[in-house]
2 protein chains.
Amino acid sequence: MEITKKKLEKQKSDNEKYLSNSILRGLEVLKMFSVENQTLSLAEIASNLGVSRTTPYRILYTLEECGYIYQDSHTKRYGLRPKVLELGYTYLNSLELPELAAPYLEKLRDETGMSSHMGILDGNDIVYIARYPARSVATITINVGSHLPVHATAMGKCLLAHLPEENKEELLSKLQVLQIPDAPIVEVKKLRDELQSIKEKGYVFHKGEFETGVWSVACPIFGKDNKVIAAINIAITQHAADEELMEEKIIPAVCQVAREISSFMVMTI
Amino acid sequence: MEITKKKLEKQKSDNEKYLSNSILRGLEVLKMFSVENQTLSLAEIASNLGVSRTTPYRILYTLEECGYIYQDSHTKRYGLRPKVLELGYTYLNSLELPELAAPYLEKLRDETGMSSHMGILDGNDIVYIARYPARSVATITINVGSHLPVHATAMGKCLLAHLPEENKEELLSKLQVLQIPDAPIVEVKKLRDELQSIKEKGYVFHKGEFETGVWSVACPIFGKDNKVIAAINIAITQHAADEELMEEKIIPAVCQVAREISSFMVMTI
DNA sequence: AAACTTTGTTTTATTGATAAAACATAGAAA
DNA sequence: TTTCTATGTTTTATCAATAAAACAAAGTTT
């Protein structure tokens with residue numbers, strides 16, 4: 001009993017000794033709001049955090065005072081304010097990537113009539129950094145800033161396939177250990193074979209799989225030294241998709257635009 | 001002496017009693033990174049915060065552990081990671097506004113060859129929520145998420161002019177009290193007259209002024225009940241601008257697109 | 001090479017954040 | 001209505017975050 005407690009304390013002082021609960025929870029609160037939950041009550045926030053209502057009461061006071069959230073004086077419910085954009089945009093603005101690729105992605109969207117995206121690697125995830133939704137009414141709704149497990153998306157696999165061997169293996173073993181919930185199970189051997197064939201073909205064509213109901217064609221973008229730096233894709237809802245069209249027109253179009261972006265990247269960055 | 005201290009303590013317990021320093025500083029650290037300062041050292045962050053190095057040391061440890069920042073193992077310097085996008089994009093994704101206006105803003109950009117933007121009101125500020133940069137090389141670089149004082153921009157004045165009287169006066173008095181640094185001095189009487197004429201004309205044409213070297217044409221966007229909900233603009237660097245072109249082509253084009261967006265807003269939202 | 005400066009990191013006393021409890025209020029159920 | 005439950009708010013004891021100081025290591029200046 002004594003020993004167990006000591007061990008736990010030891011672990012804490014090794015791994016979490018400098019973790020700040022206040023900051024952890026403050027950021028968690030900001031991330032708690034979503035398209036589905038645009039407003040939240042104090043009780044909801046407290047329950048989501050798994051703490052008493054005192055803690056978020058103070059956090060919410062602070063965030064409101066800073067202008068990141070507002071409180072409806074009648075319903076007492078909280079919601080995000082535009083100022084939260086300041087937090088992420090400093091990062092996005094520091095990237096040249098989406099800016100430079102914008103005209104190409106728009107062209108691709110207009111040529112195919114489907115939504116085009118760009119994503120980069122962040123740990124085990126693909127992060128969407130640019131998005132040009134199809135002009136049609138029913139469109140794909142994966143937004144800029146979204147994170148998805150790298151092995152669950154066409155863009156992710158595409159990026160993974162073209163990574164240097166050492167980085168690829170490191171990521172694969174991490175994915176196997178984690179076995180991320182809601183994502184497909186990682187069978188490393190199978191995945192490794194798939195990545196090999198992706199690398200040879202130069203593109204990924206997903207018909208459904210993880211992104212249920214979505215067809216997706218992805219290609220890698222290369223920078224200096226022929227290193228993969230990003231991926232682009234075209235996505236369309238399954239019921240609007242046509243296999244022949246995809247094979248004959250869309251895949252070549254995505255590959256073509258990816259090559260154009262890559263050669264532009266090599267020239268500029 | 002005694003009394004002064006007591007007074008200060010009283011004030012604190014009234015206004016700041018629930019303010020959390022940890023959260024305040026954590027968010028300040030995230031905002032400290034910029035296009036100019038993409039990486040920062042512990043000492044720089046501590047000095048910017050005006051505190052000892054211990055505090056940011058802990059904050060940075062926490063933010064790194066959460067995946068919002070990284071530390072270069074060699075230089076020891078810190079930088080933002082893509083995960084910070086998660087903080088702001090939940091908000092942007094909850095807005096229909098930029099999504100619905102996108103095709104119109106793109107059209108406007110392509111017709112004029114200049115950068116188009118959309119902004120909304122947030123307290124005393126205009127926040128940019130959509131941006132379509134000109135396809136030319138030298139372009140305006142006011143990014144989505146940027147905040148500017150409402151009376152310093154064409155979009156801001158445009159929005160302000162069409163606000164209901166009570167809200168307008170409330171904002172004007174706030175602006176006068178604050179006298180925001182780096183922004184033009186607010187002479188309420190003069191500004192009120194200007195807003196009146198803006199409301200009659202229906203657009204704002206800025207030749208320079210606060211946004212030095214930038215010409216800008218802004219129009220209001222109206223939603224249900226004819227309430228102003230946003231503004232759009234076209235911006236171009238001064239040396240590329242042409243007064244006759246602006247007057248004859250650009251201003252009518254912006255007004256036309258603004259009307260189109262407004263009538264679409266009334267129909268949909 | 002020696003002294004100085006700066007930077008990152010660790011330790012400890014003090015200050016501030018948190019949880020539990022108590023309270024107030026409002027809406028739902030009896 | 002009365003009771004009950006849920007929610008927001010305030011108070012106080014405990015626990016975590018902070019500043020100051022001390023330390024180690026690297027880079028500069030002398």
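Throughout, a chain's letter reflects where its sequence line sits, starting with A, and its residues are numbered from 1. In this text the structure is predicted, and so the values were computed from the model without any measurement.
In this structure, CD1 of A:I59 is placed 16 Å from C1' of D:dG8, rounded to the nearest angstrom. In this structure, A:E28 places its CD atom 12 Å from P of C:dT18, rounding to the nearest Å. As rounded to whole Å, 15 Å separates atom P of D:dT7 from atom CG of A:L60. Protein atom CG of B:L24 is 20 Å distant from nucleotide atom P of C:dT15, rounded to whole Å. Atom P of nucleotide D:dA16 and atom CG of B:N21 are separated by 18 Å, given to the nearest angstrom. Taking atom CZ on B:R77 and atom P on C:dT6, their separation rounds to 16 Å, with Å as the unit. Going from atom NE2 of B:H74 over to atom P of C:dT7 covers 16 Å, rounded to whole Å.
Without hydrogens or angle criteria, B:K83 side chain to B:C66 main chain gives a donor-acceptor distance under 3.5 Å. No side-chain donor-acceptor contact under 3.5 Å links B:S146 to the backbone of B:I142. Looking at A:E99, its side chain never comes within 3.5 Å of a backbone N or O of A:E96 through a donor-acceptor pair.
Distances shown here put every side-chain N or O of B:Y57 at or beyond 4.0 Å from the OP1 or OP2 atom of C:dG8. Side-chain N/O atoms of A:S20 include none lying less than 4.0 angstrom from OP1 or OP2 on D:dA16. Regarding contacts with the backbone of C:dT9, a side-chain N or O of B:K76 is found under 4.0 angstrom from either OP1 or OP2.
Projected onto DNA chain C by closest heavy-atom contact, B:L42 and A:R53 fall at different nucleotides, the more 5' of which corresponds to B:L42. Across the interface with DNA chain D, nearest-nucleotide mapping of A:S41 and A:I23 shows A:S41 to be the residue nearer the 5′ end.
Using a 4.0 Å heavy-atom cutoff across all strands shown, A:R25 reaches sugar-phosphate atoms only and no base atom. Residue B:S22 is classed as a sugar-phosphate contact, given heavy-atom separations below 4.0 Å to backbone atoms only.
The two residues A:N143 and A:R131 make their nearest non-hydrogen contact at OD1-NH1, 2.9 Å. The heavy-atom pair separating A:Y57 from A:L42 by the smallest distance is N-CD1, 3.6 Å.
One can find a donor-acceptor pair under 3.5 Å joining the base of D:dA20 and the side-chain atoms of B:T54.
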